[in-house]
Amino acid sequence: MFIGLDLGTSGVRALLVDGQGVPAAVADVPLDVSRPHPGWSEQNPRDWITACATALGQLDLSGVQGIAVAGHMHGAVLIGEDDAPLRPCILWNDTRAAAEAAALDTDAARDISGTIVFPGFTAPKLAWVANNEPDIFSATRRVVLPKDYVVHWLTGHWTTEMSDASGTAWLDTGARAWSDTLLEAGGITRAQMPSLHEGTDVVGRARAETGLPKGCKVIAGAADNAAAACGAGVLGEGDGFVSLGTSGVVLLGRDGYAPSPTTAVHTFCHALPGRWYQMGVTLACTDSLNWLARITGQTPQALTEGLVAGVPQEPQFFPYLSGERTPHNDADIRGGFVGLDVRNGPQDMARAVLEGTSLALMHSLSALGGGASRLLAIGGGTASDAWLQTLANALGVPLDVPEDGAFGAALGAARLALCGATGTAPEHVMTRPPIARHILPEHQDAWADARARFTLAYPKLKAFT
């Protein structure tokens with residue numbers, strides 16, 4: 001048996017699979033996000049360990065031979081001399097470091113990393129700490145990513161791997177190695193970096209206090225989207241998925257390294273050796289619907305119950321609640337509704353959220369150069385039939401819906417654990433999941449107009465921020 005442990009923004013999932021990679025049991029534990037100031041987003045790393053231990057405690061661990069961790073990217077976990085966090089982790093969707101990102105986003109940085117230095121990346125967060133919390137910066141012995149803090153709990157070793165390191169703005173993404181030039185620009189050294197591995201490497205054995213069997217191998221793991229790609233069988237050119245998670249992602253596999261930073265597309269190492277992927281990101285996807293649910297006092301399920309996808313309608317929603325990545329790279333832009341009428345109620349606003357987030361993902365697909373004849377649809381938002389159809393309409397490409405689209409990164413991490421612990425070739429394990437149904441685009445004339453209007457709205461919204 002093998003375990004994929006997925007550290008998500010809103011919770012931890014532990015997925016137990018058998019030797020063929022078939023899910024056998026799953027446990028979920030929720031997590032909270034702290035937002036002490038506008039644009040800030042933080043979590044206490046110790047809460048991750050509590051949640052992981054709780055999730056593992058709900059599974060039968062007796063036959064587990066390997067475990068791998070997937071996790072949300074870009075988080076800055078600052079570790080002191082006692083191997084404990086010095087402050088809460090600054091998360092991927094925190095935009096406080098926009099000025100620092102702009103200063104680090106040089107032509108040289110783009111040439112080496114292959115990607116714009118976004119405010120959510122790790123390097124600008126460290127620069128923000130240096131500028132605003134100098135005592136903490138000077139006490140920082142090591143900088144690690146969220147999932148790697150969990151791996152340290154499992155093994156006692158400080159490690160990371162290529163896919164997660166790609167989102168720091170410290171990695172030479174083409175060479176798959178730390179860049180001394182980028183580290184120096186960020187005011188840190190190699191000595192503060194964890195050791196660097198491929199996602200299928202064994203990085204240690206599980207410690208007894210984790211409850212895992214003696215000798216259980218701990219595999220390096222992957223960033224959440226790279227792990228989701230492993231779970232979806234998206235390994236190379238022509239493979240792709242769209243994910244409706246806290247953030248929204250359109251990801252395409254690549255057989256080689258071909259960065260395109262001017263498009264605000266992310267070019268990252270895959271979790272598998274010798275592979276890369278590219279993705280576009282909208283920062284607030286299911287987060288937008290959850291926000292609407294909070295302010296209306298309803299659940300997301302209640303808001304979307306009975307909704308039927310069709311032609312776009314007023315009001316329109318722009319999902320820039322935390323700024324935006326692809327294609328705008330704009331930490332300051334803010335979203336909202338346009339065209340609200342006195343007759344509109346919560347469900348009208350919910351429909352607008354589904355349409356607005358789907359159109360934002362259309363921007364990501366366009367920035368990637370299109371080229372996808374169809375995409376897998378994964379993530380928690382795929383539980384909504386209305387959202388799936390709206391997404392297909394907005395993207396203008398067919399969607400394939402797996403039989404269980406929610407396992408995502410946890411399944412990919414479990415597959416990495418299986419491959420790393422047994423030496424099985426990834427191509428034999430990381431296959432496409434069984435497809436439950438196909439969603440075809442509809443009303444394309446109306447949606448072509450909606451795409452054009454959505455694109456034209458950005459500069460007008462920008463005038464208000």
Side-chain angles (χ1 to χ4, degrees), residues 114-116 118 224-226 228-229 232-255 258-268 270 276-286 288 309 312 316-320 324-330 353-379 381-382 387-402 405 408 432 438-458:
T115 301
I116 289 173
F118 291 93
D224 51 2
N225 287 301
V234 174
L235 304 185
E237 207 74 35
D239 299 328
F241 71 71
V242 55
S243 174
L244 297 178
T246 303
S247 62
V249 171
V250 181
L251 183 148
L252 300 179
R254 300 300 189 203
D255 289 339
S260 181
T262 58
T263 63
V265 161
H266 304 51
T267 302
F268 291 158
H270 211 310
W276 288 262
Y277 67 91
Q278 290 182 308
M279 67 179 184
V281 178
T282 187
L283 287 175
C285 188
T286 61
S288 292
Q316 290 180 290
F317 175 71
F318 300 89
Y320 310 135
E324 190 56 298
R325 289 233 188 130
T326 312
H328 304 304
N329 184 29
D330 190 341
V353 166
L354 303 194
E355 292 181 357
T357 52
S358 298
L359 286 165
L361 287 165
M362 172 274 299
H363 271 165
S364 285
L365 182 59
S366 296
L368 287 162
S373 59
R374 59 195 317 112
L375 294 167
L376 282 170
I378 64 173
T382 60
W387 209 338
L388 280 171
Q389 185 62 64
T390 300
L391 182 61
N393 295 347
L395 296 179
V397 298
L399 301 180
D400 297 328
V401 185
R432 283 169 60 93
H438 308 282
I439 311 293
L440 300 179
E442 298 175 347
H443 309 294
Q444 286 302 284
D445 288 344
W447 278 92
D449 291 341
R451 294 181 198 115
R453 291 197 307 273
F454 189 85
T455 300
L456 291 172
Y458 170 79

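Just so you know, these numbers use all the heavy atoms, side chains as well, and skip hydrogens, waters and symmetry mates. What you see is a predicted model, and the numbers here were worked out from it, not measured in a lab.
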Using every non-hydrogen atom in the two residues, find where [X] and [Y] come nearest and quote the distance to one decimal.
| X | Y | value |
| --- | --- | --- |
| C285 | L244 | SG-CD2, 3.6 Å |
| P259 | P261 | C-CD, 3.7 Å |
| F454 | P319 | CZ-CD, 4.1 Å |
| V397 | A372 | CG1-O, 3.5 Å |
| A392 | I439 | CB-CG2, 3.8 Å |
| A232 | L376 | O-CD1, 3.2 Å |

Roughly how far apart are [X] [atom1] and [Y] [atom2], rounded to 0.5 Å?
| X | Y | atom1 | atom2 | answer |
| --- | --- | --- | --- | --- |
| L399 | I378 | CG | CD1 | 11.5 Å |
| N225 | L251 | CG | CG | 6.0 Å |
| L235 | D255 | CG | CG | 9.5 Å |

Any side-chain heavy atom of [X] sitting closer than 4.5 Å to one from [Y]?
| X | Y | value |
| --- | --- | --- |
| Q444 | W447 | yes |
| L252 | L375 | yes |
| N393 | S358 | no |

*asked:* W387: which residues meet the ring-ring contact (aromatic ring centres under 6.0 Å, His included) condition with it, sequence neighbours left out?
replied: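 Scan of W387 (ring-ring contact (aromatic ring centres under 6.0 Å, His included), adjacent residues dropped) gives none.
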
*Under the ring-ring contact (aromatic ring centres under 6.0 Å, His included) test, which residues partner F317, sequence neighbours left out?*
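F337.
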
*Who are the salt bridge (charged side-chain N to carboxylate O under 4.0 Å, His left out) partners of E355, not counting sequence neighbours?*
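Checked E355 against salt bridge (charged side-chain N to carboxylate O under 4.0 Å, His left out); matches are R351.
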
_Test salt bridge (charged side-chain N to carboxylate O under 4.0 Å, His left out) applied to E442 - qualifying residues, sequence neighbours left out_ =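 Not a single residue meets the salt bridge (charged side-chain N to carboxylate O under 4.0 Å, His left out) criterion with E442.
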
Could you list the donor-acceptor pairs under 3.5 angstrom formed between side-chain atoms of residues 359-367 and any protein atom two or more places apart in sequence or on another chain?
unit_1	atom_1	unit_2	atom_2	d
H363	NE2	T455	OG1	3.0
S364	OG	V281	N	3.4
S366	OG	M362	O	3.1

*asked:* Applying side chain to side chain donor-acceptor pair (under 3.5 Å) as the test, list every pair that has at least one member in residues 234-248; sequence neighbours left out.
replied: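 Only E237-R254 qualify under side chain to side chain donor-acceptor pair (under 3.5 Å).
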
*Would you please name every residue forming a side-chain hydrogen bond (donor to acceptor under 3.5 Å, both in side chains) with D400, sequence neighbours left out?*
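If we apply the side-chain hydrogen bond (donor to acceptor under 3.5 Å, both in side chains) test to D400, skipping adjacent residues, the hits are R374, R432, H438.
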
*For T282, check side-chain hydrogen bond (donor to acceptor under 3.5 Å, both in side chains) against everything at least two apart and list the hits.*
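Residues passing side-chain hydrogen bond (donor to acceptor under 3.5 Å, both in side chains) with T282: E324.
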
_If we count only N and O atoms by modelled type, under 3.5 Å, do the side chains of Y320 and D330 hold a donor and an acceptor together?_
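Side chains of Y320 and D330: no pair found under 3.5 Å.
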
*In terms of ring plane angle, is the pair F268 and Y277 parallel, tilted or perpendicular, where the classes change at 30° and 60°?*
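Taking Y277 first and then F268, their aromatic rings stand perpendicular (interplane angle over 60°).
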
_Heavy-atom donor-acceptor pair, T267 side chain to T115 backbone, under 3.5 Å_ =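 Not confirmed, T267 side chain does not pair with T115 backbone.
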
_For G280, is there any backbone N or O sitting under 3.5 Å from a side-chain donor or acceptor partner on R325?_
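It does not hold such a pair.
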
_Just to verify, what does R453 make a side chain to side chain contact (heavy atoms under 4.5 Å, CB included) with, not counting sequence neighbours?_
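Partners of R453 by the side chain to side chain contact (heavy atoms under 4.5 Å, CB included) criterion, ordered by chain and then number, come out as P312, Q316, D449, A450.
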
